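Report on the following structure.
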There are 2 protein chains.
Amino acid sequence: MSPSRSNKRPVIQPEPIARIGTAERTRAEILDAAFEFLWSRPFRDMTVNVLMAMIPQGRTAFYKYFDDIHGVMAEMLKRLEAEILEGASAWLSDDGDPVALLYKSLAAEVQIGYRYGPFIKAVSDAAGTNAEVEDEWNWLLDRFDDAVSERIAADQELGLIEAFDPGPVATALNRVDAAMYIRQFGHRPRSRPQPVVDAITRVWISTLYGQRWATSRRSTLVRE
Amino acid sequence: MSPSRSNKRPVIQPEPIARIGTAERTRAEILDAAFEFLWSRPFRDMTVNVLMAMIPQGRTAFYKYFDDIHGVMAEMLKRLEAEILEGASAWLSDDGDPVALLYKSLAAEVQIGYRYGPFIKAVSDAAGTNAEVEDEWNWLLDRFDDAVSERIAADQELGLIEAFDPGPVATALNRVDAAMYIRQFGHRPRSRPQPVVDAITRVWISTLYGQRWATSRRSTLVRE
DNA sequence: TGACGCGGTGACATGGTGTCACTAGAGTGT
DNA sequence: ACACTCTAGTGACACCATGTCACCGCGTCA
């Protein structure tokens with residue numbers, strides 16, 4: 001889609017830029033500085049000092065817009081969440097060949113993970129240092145768990161997936177994705193995405209639909 | 001095998017207590033205070049202040065034994081590493097039915113993960129706040145990746161596992177484990193371990209040896 | 001014109017950190 | 001018994017990021 005040239009920091013342009021006053025602009029500047037900073041440096045080095053040194057305003061102006069540095073990360077998480085939810089859902093909602101849809105969904109998700117890798121890692125790190133960010137982050141992951149779990153249960157009903165408790169398996173599979181993004185795309189230079197797609201799809205498809213579908217990308221598990 | 005009564009903090013008794021001078025005892029006290037603290041509270045709340053308030057010595061005595069709070073976590077990681085490596089390796093090294101061995105190894109690993117869950121989460125959090133701990137932690141995980149990768153390659157040679165690039169898959173599978181321990185056992189009360197064992201073994205076995213072995217715990221993939 | 005509100009600032013108090021010069025006391029050699 | 005040394009531990013201090021607060025300049029609007 002729009003911002004995807006490979007090695008440039010992706011610009012997250014959120015809500016349609018509606019009539020910004022000075023305040024909104026400054027808030028956006030802070031957030032933008034955070035994105036810029038985290039694109040090349042770890043969260044642990046990001047302080048209010050260093051962030052506000054990147055924009056014209058003095059340090060204390062920061063507190064007009066955020067409670068603390070974790071407030072910035074909470075906002076960043078929200079923006080990432082929007083991006084993630086947008087691209088992630090073919091397999092979860094669409095009808096059709098589940099293996100093909102799953103492959104497509106995972107490939108799309110990995111692209112998101114690749115594009116925002118450093119930010120995802122930053123949010124994950126921030127979750128370790130602040131209870132609220134941790135809660136938000138876990139809440140997002142849990143929502144994915146639930147959605148995946150439901151989809152598994154539905155396909156179990158249809159006999160497409162073996163009978164087993166879908167909850168923990170959904171959690172496990174989702175954790176693969178998150179951990180791989182952080183590990184492979186969390187700092188630059190990032191790994192190439194294709195091997196990650198291959199590994200993740202192999203794990204998901206083998207676990208859910210069986211190994212024989214894991215290699216070929218176009219499946220015939222269900223004829224449409 | 002020794003300390004496993006379920007809801008008590010496991011005592012990691014490291015090197016056989018050899019002729020401890022005052023210094024070694026104090027160092028051990030600090031470390032022990034860290035374990036005690038992290039058993040019930042998150043890493044982000046652990047400061048030098050709070051740690052040294054738990055033992056008779058004053059705060060600055062801390063710096064005789066560790067560079068900073070991350071030095072404590074590095075030491076904790078070393079101890080955990082010893083525990084982890086001890087129980088983890090049946091599948092990696094033993095001969096015999098690979099599915100049965102893998103199941104056994106994973107079940108043993110999950111027990112470790114369960115027992116030390118809060119500490120594992122603490123180390124993982126600490127890795128987010130300090131480059132050295134992060135490097136150590138990643139190095140440990142990478143060693144697992146390499147070992148698993150080798151084992152996969154070996155079984156691919158034997159035709160027991162499909163041909164695919166084993167590296168990223170090994171990484172993905174190992175991340176499942178780590179992420180599940182942190183998620184399910186990272187804070188108390190911890191989840192029950194059995195569903196975690198079930199989910200993890202399902203993912204691993206389905207991915208490596210095929211779904212048909214994932215349900216029964218005693219496999220006949222290879223006759224001994 | 002004057003009051004108000006908003007974006008922004010400098011000064012300050014707080015709290016954790018890490019260092020350093022120092023001390024008390026135990027051990028050692030003479 | 002005496003001096004020397006080493007070691008565990010300490011209090012005072014400087015540092016730094018944080019977060020708050022009173023205040024200010026300026027544009028808006030009655």
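For the numbers below, each heavy atom of this structure counts, side chains included, while hydrogens, waters and symmetry mates do not. Below, chain A is the first sequence line, B the second, and so on; all start at residue 1. In this text, all values refer to a predicted model and were calculated from it rather than measured experimentally.
At least one side-chain nitrogen or oxygen of B:Y65 sits closer than 4.0 Å to the OP1 or OP2 atom of D:dG9.
Protein atom CD of A:Q57 is 17 Å distant from nucleotide atom P of C:dC6, rounded to whole Å. The distance from atom CZ of A:R27 to atom P of C:dC6 is 16 Å, rounded to the nearest whole Å. Atom P of nucleotide D:dA17 and atom CZ of A:R44 are separated by 16 Å, given to the nearest angstrom. Distance A:F43 CZ to D:dA17 P: 15 Å, rounded to the nearest Å. Rounded to an integer number of Å, the gap from A:M52 CE to C:dG7 P is 13 Å.
Residues that satisfy the side-chain hydrogen bond (donor to acceptor under 3.5 Å, both in side chains) test with B:T129, not counting sequence neighbours, are B:H70. Remark: B:D68 pairs with no residue by the side-chain hydrogen bond (donor to acceptor under 3.5 Å, both in side chains) rule, at least two apart or across chains. Among residues two or more places apart in sequence or in another chain, the ring pair (Phe, Tyr, Trp, His ring centres under 6.0 Å) test is passed with B:Y181 by none. Partners of A:F43 by ring pair (Phe, Tyr, Trp, His ring centres under 6.0 Å), not counting sequence neighbours: none found.
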Counting primed atoms, P, OP1 and OP2 as sugar-phosphate and everything else as base, the B/S/- map of nucleotides 10-20 of chain C against protein heavy atoms under 4.0 Å is BB----SBBB-
Would you give me the side-chain donor-acceptor pairs under 3.5 Å for residues 50-64 of chain A, sequence neighbours excluded?
none

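A:W39 and A:F119 have their aromatic ring centers within a separation under 6.0 angstrom.
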